[in-house]
Protein chains: 4
Amino acid sequence: MSPRRRDAEGTAAARAERRAELLGAAAEVFASRGYSATTVREVADAAGILGGSLYYHFDSKESMADEILSTFLNEMWASYDQVLAADLGARETLEALIAASFRSIDRHRPAVVLYQNESKHLATSPRFDYLLDSQRRFEEMWLSLLERGAREGAFRADLDVGLIYRFIRDTVWVAATWYQRGGRLTADEIATQYLAMVLEGIGTPPAH
Amino acid sequence: MSPRRRDAEGTAAARAERRAELLGAAAEVFASRGYSATTVREVADAAGILGGSLYYHFDSKESMADEILSTFLNEMWASYDQVLAADLGARETLEALIAASFRSIDRHRPAVVLYQNESKHLATSPRFDYLLDSQRRFEEMWLSLLERGAREGAFRADLDVGLIYRFIRDTVWVAATWYQRGGRLTADEIATQYLAMVLEGIGTPPAH
Amino acid sequence: MSPRRRDAEGTAAARAERRAELLGAAAEVFASRGYSATTVREVADAAGILGGSLYYHFDSKESMADEILSTFLNEMWASYDQVLAADLGARETLEALIAASFRSIDRHRPAVVLYQNESKHLATSPRFDYLLDSQRRFEEMWLSLLERGAREGAFRADLDVGLIYRFIRDTVWVAATWYQRGGRLTADEIATQYLAMVLEGIGTPPAH
Amino acid sequence: MSPRRRDAEGTAAARAERRAELLGAAAEVFASRGYSATTVREVADAAGILGGSLYYHFDSKESMADEILSTFLNEMWASYDQVLAADLGARETLEALIAASFRSIDRHRPAVVLYQNESKHLATSPRFDYLLDSQRRFEEMWLSLLERGAREGAFRADLDVGLIYRFIRDTVWVAATWYQRGGRLTADEIATQYLAMVLEGIGTPPAH
DNA sequence: CATGAATGAGTGTTCATTCAT
DNA sequence: AATGAATGAACACTCATTCAT
């Protein structure tokens with residue numbers, strides 16, 4: 001490897017790293033203050049630079065949100081696809097998907113919050129069409145899993161599937177608003193308890 | 001009595017009614033576009049008047065949000081207090097609270113969305129301190145109910161109470177983002193199915 | 001005519017008048033400082049209002065330039081069309097067109113300057129396509145007139161027509177950069193002398 | 001002697017050459033986009049380097065314009081002075097000056113465009129006072145030539161001298177906006193035809 | 001009650017310029 | 001000589017708010 005190549009790689013990597021740093025700061029601020037209510041200057045402050053300097057790295061505020069969200073979604077789908085490829089039973093698939101989701105929250109908490117709060121608003125711009133695509137694919141995946149589970153006897157068949165879908169979807173993702181790494185419970189512990197609640201309910205079985 | 005005077009006579013009631021109309025429009029727009037992303041002009045457009053005219057009725061954009069939220073919270077707490085005053089068993093109380101919550105969503109959907117999405121942001125201003133108070137009271141109420149239920153054997157005791165609290169809280173309120181009056185399911189039907197899920201889970205009991 | 005209609009007309013007219021006022025100020029500043037080098041604030045200052053207030057009347061800086069230019073071009077072409085419709089001889093047509101041009105300069109001096117200095121730059125945006133259209137029509141009109149004049153013996157035939165075209169075009173329009181109403185010479189006097197120069201030259205005939 | 005040292009030896013000349021290269025690119029871009037509308041980055045792009053790198057060679061954007069304009073004006077005046085020193089008759093002087101002007105356009109087209117479009121704007125800064133000086137000298141030169149020509153019978157005496165001055169000035173310099181080296185007509189051919197137009201006009205003599 | 005013109009602080013963005021490497 | 005990251009002032013534009021009518 002020639003020194004030239006070494007340098008080129010070094011700066012390309014350094015640039016990518018800097019972008020990641022800045023996007024991390026941006027995601028944090030967007031998540032806590034809301035995308036619209038956040039000023040570019042606040043993002044820059046959080047990153048320790050001046051407002052204008054962000055534009056050396058990014059085209060616009062929107063493109064920061066774009067990169068934050070697409071990075072998160074790509075990783076999330078990669079982990080979902082791995083689960084789906086394993087071809088497990090309905091119940092095991094559900095368990096694996098929920099665990100994967102909480103791991104996503106653990107790794108991308110601010111991005112998840114941003115996604116939840118602003119995707120509807122952002123999706124009005126064509127550049128964010130992939131948000132709707134992802135949402136559609138997500139819904140299809142869950143609905144078909146829940147229907148299959150009901151058919152196979154893994155899940156109760158007396159509940160509205162659309163309602164269950166929303167129930168699970170909301171339950172999982174909203175956790176991003178309060179989850180914090182290093183808190184009382186780890187992401188895996190939360191996943192386990194969530195699964196217990198979702199599958200068995202919080203009520204005690206009626207006595208005979 | 002001239003028509004002018006006739007109008008004047010009804011002024012107080014008419015004014016209140018107009019305010020309610022305008023707040024309804026405002027809540028709808030705030031909920032769908034987000035409070036920060038909504039301009040006063042958009043609210044005015046939705047109400048069929050010009051931007052400046054809103055200031056005859058309200059002091060500021062903030063005060064509209066204030067009135068929307070406090071109206072909703074007052075009504076919500078009135079219904080909760082009624083439930084609590086009935087002194088039911090833990091399970092029955094939970095059922096009644098959830099039913100009351102879905103009825104709140106039915107009556108104040110945009111306000112609930114606004115509350116969920118923006119209360120954190122708005123609460124930085126002292127005028128919205130009551131949001132935090134309400135939240136605190138809400139948490140206390142649920143935690144004590146869940147603890148009592150666990151003690152009394154109505155609820156499982158092996159789950160983290162704080163987690164259950166968040167689980168229920170999120171599950172219920174997020175529904176405001178997709179619920180629509182006159183949709184496939186009524187608020188009461190949704191409440192019933194939610195209760196089934198929350199209490200019994202979606203899984204089928206393991207065979208012996 | 002009902003009072004309502006009177007009012008409606010009154011405010012519509014008042015609004016148009018205000019726009020015209022502001023556009024007059026804008027044209028003046030654009031012409032003297034250059035469009036790009038002019039800030040919106042400078043325009044507003046010249047109009048005696050604040051920068052933001054301009055946006056109550058106009059969508060953007062660009063739309064001000066647009067309205068200034070299209071108003072000027074419309075009026076210019078109206079006067080040209082009148083000349084062309086009269087179906088005069090080549091020489092008389094040329095005289096009438098040049099007189100009309102100087103009258104345009106008299107009435108729209110800043111707009112002409114703006115047109116000359118910035119149309120190339122502005123025409124990169126599709127909204128200004130009409131500038132290119134106008135330019136093309138202008139060139140065709142002049143070339144066909146000059147060719148006809150050469151054929152009919154009204155103009156010398158030994159000169160390059162394209163060159164004459166540019167010569168006349170530039171000569172006339174550049175005058176907008178120094179012309180001032182109420183100066184030593186009226187627009188008509190300038191037109192007369194320009195015509196003398198263009199038709200007969202500034203040299204004295206060679207003695208026999 | 002190493003190649004490095006060989007380079008170093010030629011440093012002063014090499015540096016001057018590089019400056020000239022960069023100024024050539026800058027002049028081209030300034031002329032085509034307008035000075036204000038041109039960014040330093042665009043200049044650098046045209047030169048194949050990065051924006052910041054220009055500042056190794058020049059103090060500021062303004063100093064580039066300065067050097068472009070003063071180089072052009074110095075050369076132009078050198079050629080004018082040569083003409084004036086020859087002490088020709090009025091008509092021959094005019095012919096020689098116009099020919100020299102078109103040769104200037106041929107050699108410094110972008111600089112001439114820049115001069116025409118931006119000198120008024122730039123002249124607000126004291127560093128560009130020489131632009132006004134040049135303009136004044138230019139006007140004096142032409143006015144005295146035209147007056148002398150009128151006195152001596154070389155030029156018509158029935159036209160406004162100030163008008164003729166502007167007529168010639170504009171006619172000549174505006175050509176820089178459309179002239180291109182290697183086009184249909186050479187600079188000398190254009191000069192010849194321009195002189196024919198200016199001296200004899202485009203009209204045919206009235207028949208007796 | 002409502003209008004419509006204006007305000008002025010603030011927003012996202014641009015860009016000439018600097019400077020360590 | 002040139003890079004590339006950063007600066008900071010300025011820009012076009014937005015918007016909550018005011019107020020005379």
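Throughout, protein chains are lettered first and strands after them, A, B, ... in sequence-line order, and every chain is numbered starting at 1.
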Can you see whether A:Y130 engages A:D66 through a side-chain donor-acceptor pair at a distance of less than 3.5 angstrom? yes
Could you check whether C:T38 gets within reach of a base, just the sugar-phosphate, or nothing at all, counting any heavy atom under 4.0 Å? sugar-phosphate
Which part of the nucleic acid does D:S63 contact within heavy-atom distance under 4.0 Å: base, sugar-phosphate only, or nothing? nothing
Identify the two heavy atoms, one from B:H57 and one from B:S53, that lie closest to each other, and give their separation to 0.1 Å. CD2-O, 3.7 Å
Which atoms form the tightest heavy-atom contact between A:A65 and A:Y35, and what is the distance? CB-CE1, 3.7 Å
Protein-nucleotides 4-7 of chain E N/O pairs closer than 3.5 Å?
from, atom 1, to, atom 2, distance (Å)
E:dG4, O3', C:Y56, OH, 3.1
E:dA5, OP2, C:Y56, OH, 2.6
E:dA6, OP1, C:R18, NE, 3.1
E:dA6, OP1, C:R18, NH2, 3.0
E:dA6, OP2, C:H57, NE2, 2.5
E:dT7, OP2, C:L50, N, 2.8
E:dT7, OP2, C:S53, OG, 2.9

Respond yes when some side-chain nitrogen or oxygen of B:Y55 is under 4.0 Å from OP1 or OP2 of F:dT18, and no when none is. no
Residue mapping more 5' on DNA chain F - nearest nucleotide basis, C:M64 or B:V40: C:M64
Nearest-nucleotide comparison on DNA chain F, the residue closer to the 5′ end among B:S36 and C:Y35: C:Y35
What pairs with C:E21 under salt bridge (Lys or Arg N to Asp or Glu O under 4.0 Å), at least two apart in sequence or on another chain? C:R18
Dot-bracket encoding per residue of DNA chain F, Watson-Crick/G-U cut-off under 3.5 Å, | denoting interstrand: .||||||||||||||||||||
Within the distance-only criterion (no hydrogens, no angle test), does the side chain of A:T124 pair as donor or acceptor with the backbone N or O of A:H121 below 3.5 angstrom? yes
Assess whether side-chain contact (heavy atoms from CB on, under 4.5 Å) is satisfied between D:L22 and D:F58, documenting all intermediate values. CA-CA 10 Å; D:L22 298 172; D:F58 304 100; 3.9 Å; yes
A:R19 atom CZ, over 12 foreign heavy atoms within 6.0 Å: yes
Taking CD from B:E62 and P from F:dT17, how many angstroms apart are they, rounded to a whole number? 8 Å
Between E:dC1 (P) and B:R19 (CZ): distance, integer Å: 12 Å
So which of A:D45, A:V40, A:T38 actually passes side chain to side chain contact (heavy atoms under 4.5 Å, CB included) with A:V29? A:T38
